[in-house]
There are 2 protein chains.
Amino acid sequence: MADRQNLALVGIGKIAVDQHVPALAASPDWQLAATVSRAGTVDGVEVFTSMETMLEARPDITTVSLAIPPVPRFAYAQAALRAGRHVMLEKPPGATLAEVHALRALAAEQGVTLYTTWHSRMAHAVAPAKAWLAGKTITRAHITWREDVRKWHPGQDWVFEPGGMGVFDPGINALSILTEILPAPVHLQSAELEFPANRQTPIAARLHFSGNVTADFDWRQTGPQTWDMEFDTTAGPMALRMGGNVLEIGGQPSQGENTIMDEYPALYARMAELVAAGRSEVDLAPMVHVADALTLGKRIVTDAFHF
Amino acid sequence: MADRQNLALVGIGKIAVDQHVPALAASPDWQLAATVSRAGTVDGVEVFTSMETMLEARPDITTVSLAIPPVPRFAYAQAALRAGRHVMLEKPPGATLAEVHALRALAAEQGVTLYTTWHSRMAHAVAPAKAWLAGKTITRAHITWREDVRKWHPGQDWVFEPGGMGVFDPGINALSILTEILPAPVHLQSAELEFPANRQTPIAARLHFSGNVTADFDWRQTGPQTWDMEFDTTAGPMALRMGGNVLEIGGQPSQGENTIMDEYPALYARMAELVAAGRSEVDLAPMVHVADALTLGKRIVTDAFHF
């Protein structure tokens with residue numbers, strides 16, 4: 001394990017504890033060498049509460065992974081890049097498109113790697129679905145992404161604050177798969193967005209794209225959660241279920257169910273490849289669709305939402 | 001004038017009559033050979049009400065200029081590009097960012113020119129302001145863009161409908177100048193957007209960018225209209241007034257006032273250059289800032305607005 005590179009994880013919240021820390025613990029590429037967080041800590045790992053202090057104290061840390069919410073993320077990413085460190089960004093990669101353009105330019109200037117991760121693209125069935133769709137004609141596609149915000153973001157008011165993206169926080173995962181697997185890009189034609197009367201971001205969205213592609217995002221689903229993408233093609237139907245983990249062709253699962261979540265280990269492996277190759281990977285397509293929905297969408301006020 | 005190329009103008013509304021038609025009448029490069037519009041016509045110019053009919057009937061028309069509102073514009077642009085014609089787009093170039101990305105790809109495939117115009121960049125003082133700012137350090141910039149929607153868009157409800165952009169319809173002109181002249185790009189950090197209780201798009205916006213750059217857009221200003229951009233630099237103050245037509249350095253106008261509007265003649269001249277060079281010019285930076293504002297902005301409900 002002597003060749004593992006030192007990495008700092010910034011933002012020790014739910015996603016860090018649930019996904020990043022276990023993925024790093026099992027990684028052949030990375031050693032979790034420090035954390036930066038106001039409150040969270042990881043047993044046995046050096047703790048910093050200030051990014052600047054960490055960057056100064058630990059020049060041996062080559063890479064910084066940011067798992068904090070999108071609005072404050074830019075300043076941390078900028079500081080790390082300016083200090084010559086490689087940077088990996090949780091999704092969405094920023095609060096605005098322009099700030100990610102700026103980070104991309106800064107990473108190029110500094111000669112370091114910037115990776116805008118989209119964890120759902122690493123789900124088991126995404127690559128097989130992409131391969132199956134290649135060269136086929138899609139006549140209709142529909143995404144149903146319905147989950148319970150109280151389960152996944154308990155008490156996290158920031159998701160409903162400006163820049164928190166609301167239901168697009170999970171919905172962008174579906175869009176990250178869609179933009180990865182479609183043979184040709186689509187664009188939004190209309191959208192309806194439901195805003196709770198007491199909140200700044202939508203709790204539900206219905207999107208209508210070109211090419212007969214639609215999406216139904218809802219954050220109010222209790223009971224079983226739904227993460228389905230269904231495609232009709234001239235070669236028959238295909239579906240991705242369980243958030244991209246199960247592939248169904250012609251109505252039949254095409255492989256054994258594999259619902260072990262190893263999206264984050266795959267992201268960290270990809271980051272190691274990018275750093276080794278001296279490359280960046282910055283894909284804003286999922287975020288462009290969200291910005292387009294918030295630009296073009298019809299706003300509907302709905303019931304107030306309280307956690 | 002035998003070497004003028006035939007051009008069709010699509011959308012004979014206020015902006016076409018006020019700007020495009022006079023610019024074309026005086027152009028050494030273009031012959032207005034046809035119009036496509038449901039209702040509007042231009043004296044002495046062949047009239048079509050259908051784009052498909054025009055494209056079929058007039059293969060001699062090499063270039064199509066689109067002056068229709070952003071939401072329906074994509075289908076017209078796509079049809080023209082697919083028919084192998086060069087396309088020039090009024091600002092903003094589309095209702096979504098993704099559709100402009102798609103048009104850019106289509107134009108490249110077809111080997112024709114796509115030009116996303118930003119007329120305010122052609123105002124007299126923009127190029128001198130850019131030259132003056134180059135290499136200087138900006139410590140503060142503030143944009144004030146306040147006009148009367150009833151004067152400029154009388155009864156045009158589409159500006160308040162989804163995709164109509166509201167006060168960003170004029171505000172994007174300021175952003176098109178800003179993104180042209182700043183020595184380094186900025187990104188939005190926060191915004192407040194005022195939505196009339198009965199409308200889908202904002203009537204006022206206050207934007208806070210990185211680098212101490214702010215903007216105040218308002219569509220409720222009666223009396224004198226204000227289109228000012230003020231810059232403080234370590235080499236003293238500079239201002240652009242009259243929508244980019246007047247340059248002030250150190251508080252003094254740096255040249256005689258020149259408020260003749262020849263932005264549209266300059267756009268058509270630029271289009272001729274691009275076509276001759278076999279190049280496209282697609283710059284989405286102003287539109288990215290608007291999408292970012294609608295993604296990140298805090299929404300404030302204000303008084304209902306009626307024309």
Side-chain angles (χ1 to χ4, degrees), chain A residues 70-72 74-75 78 92 94-106 109 161-166 168 172 175 178-179 184-193 195 197 199-202 207 209-211 284-301, chain B residues 70-72 74-75 78 92 94-106 109 161-166 168 172 175 178-179 184-193 195 197 199-202 207 209-211 284-301:
Chain A
V71 169
F74 176 81
Q78 187 184 44
T96 62
L97 292 163
E99 75 185 55
V100 188
H101 292 243
L103 292 178
R104 173 161 49 190
L106 180 56
E109 242 176 74
E161 281 160 16
M165 302 187 76
F168 291 109
I172 205 169
L175 297 173
L178 185 76
T179 49
V186 293
H187 62 268
L188 195 74
Q189 294 181 315
S190 68
E192 298 97 50
L193 311 175
F195 286 74
R199 300 288 185 172
Q200 285 283 334
T201 62
L207 310 181
F209 292 94
S210 58
L284 293 176
M287 199 168 157
V288 163
H289 287 314
V290 172
D292 283 346
L294 290 162
T295 301
L296 183 59
K298 177 178 162 76
R299 295 159 201 289
I300 299 161
V301 177
Chain B
V71 170
F74 176 82
Q78 186 184 44
T96 63
L97 291 163
E99 75 185 57
V100 189
H101 291 246
L103 292 177
R104 172 162 51 187
L106 180 57
E109 241 176 76
E161 282 159 16
M165 301 187 76
F168 290 109
I172 205 169
L175 296 174
L178 185 76
T179 49
V186 293
H187 62 269
L188 195 73
Q189 294 181 316
S190 67
E192 297 96 49
L193 311 174
F195 285 74
R199 299 288 184 172
Q200 285 283 336
T201 62
L207 311 181
F209 293 93
S210 58
L284 292 176
M287 199 169 158
V288 164
H289 287 314
V290 173
D292 284 346
L294 290 162
T295 300
L296 183 59
K298 179 178 161 74
R299 297 159 199 291
I300 299 161
V301 177

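Here the structure is a predicted model, which means the values were calculated and not measured. Just so it is clear: chains get the letters A, B, ... in the order the sequence lines come, proteins before strands, and each one is counted from 1.
- Partner of T96(B) under the side chain to side chain contact (heavy atoms under 4.5 Å, CB included) criterion, chosen from V288(A), T295(A), L188(A): L188(A).
- Interface remark: of the candidates K298(B), R299(B), E99(B), R299(B) forms the most heavy-atom pairs closer than 4.5 Å to chain A.
- Only the backbone of V186(B) comes within contact range of chain A, with heavy atoms under 4.5 Å apart.
- Of the two parts of F74(B), only the side chain, counted from C-beta on, holds a non-hydrogen atom closer than 4.5 Å to a non-hydrogen atom of chain A.
- Two residues are said to be in side-chain contact when any heavy atoms from C-beta on lie closer than 4.5 Å; L296(A) and L294(B) fail this criterion.
- Distance check: L284(B) CG to H101(A) NE2 gives 8.5 Å after rounding to the nearest 0.5 Å.
- Atom CG of L193(B) is separated from atom CD of Q200(A) by 8.5 Å, given to the nearest 0.5 angstrom.
- Neither the backbone nor the side chain of F168(A) comes within contact range of chain B; no heavy atoms are under 4.5 Å apart.
- A291(B) approaches A291(A) most closely through the heavy-atom pair CB-CB, 3.9 Å.
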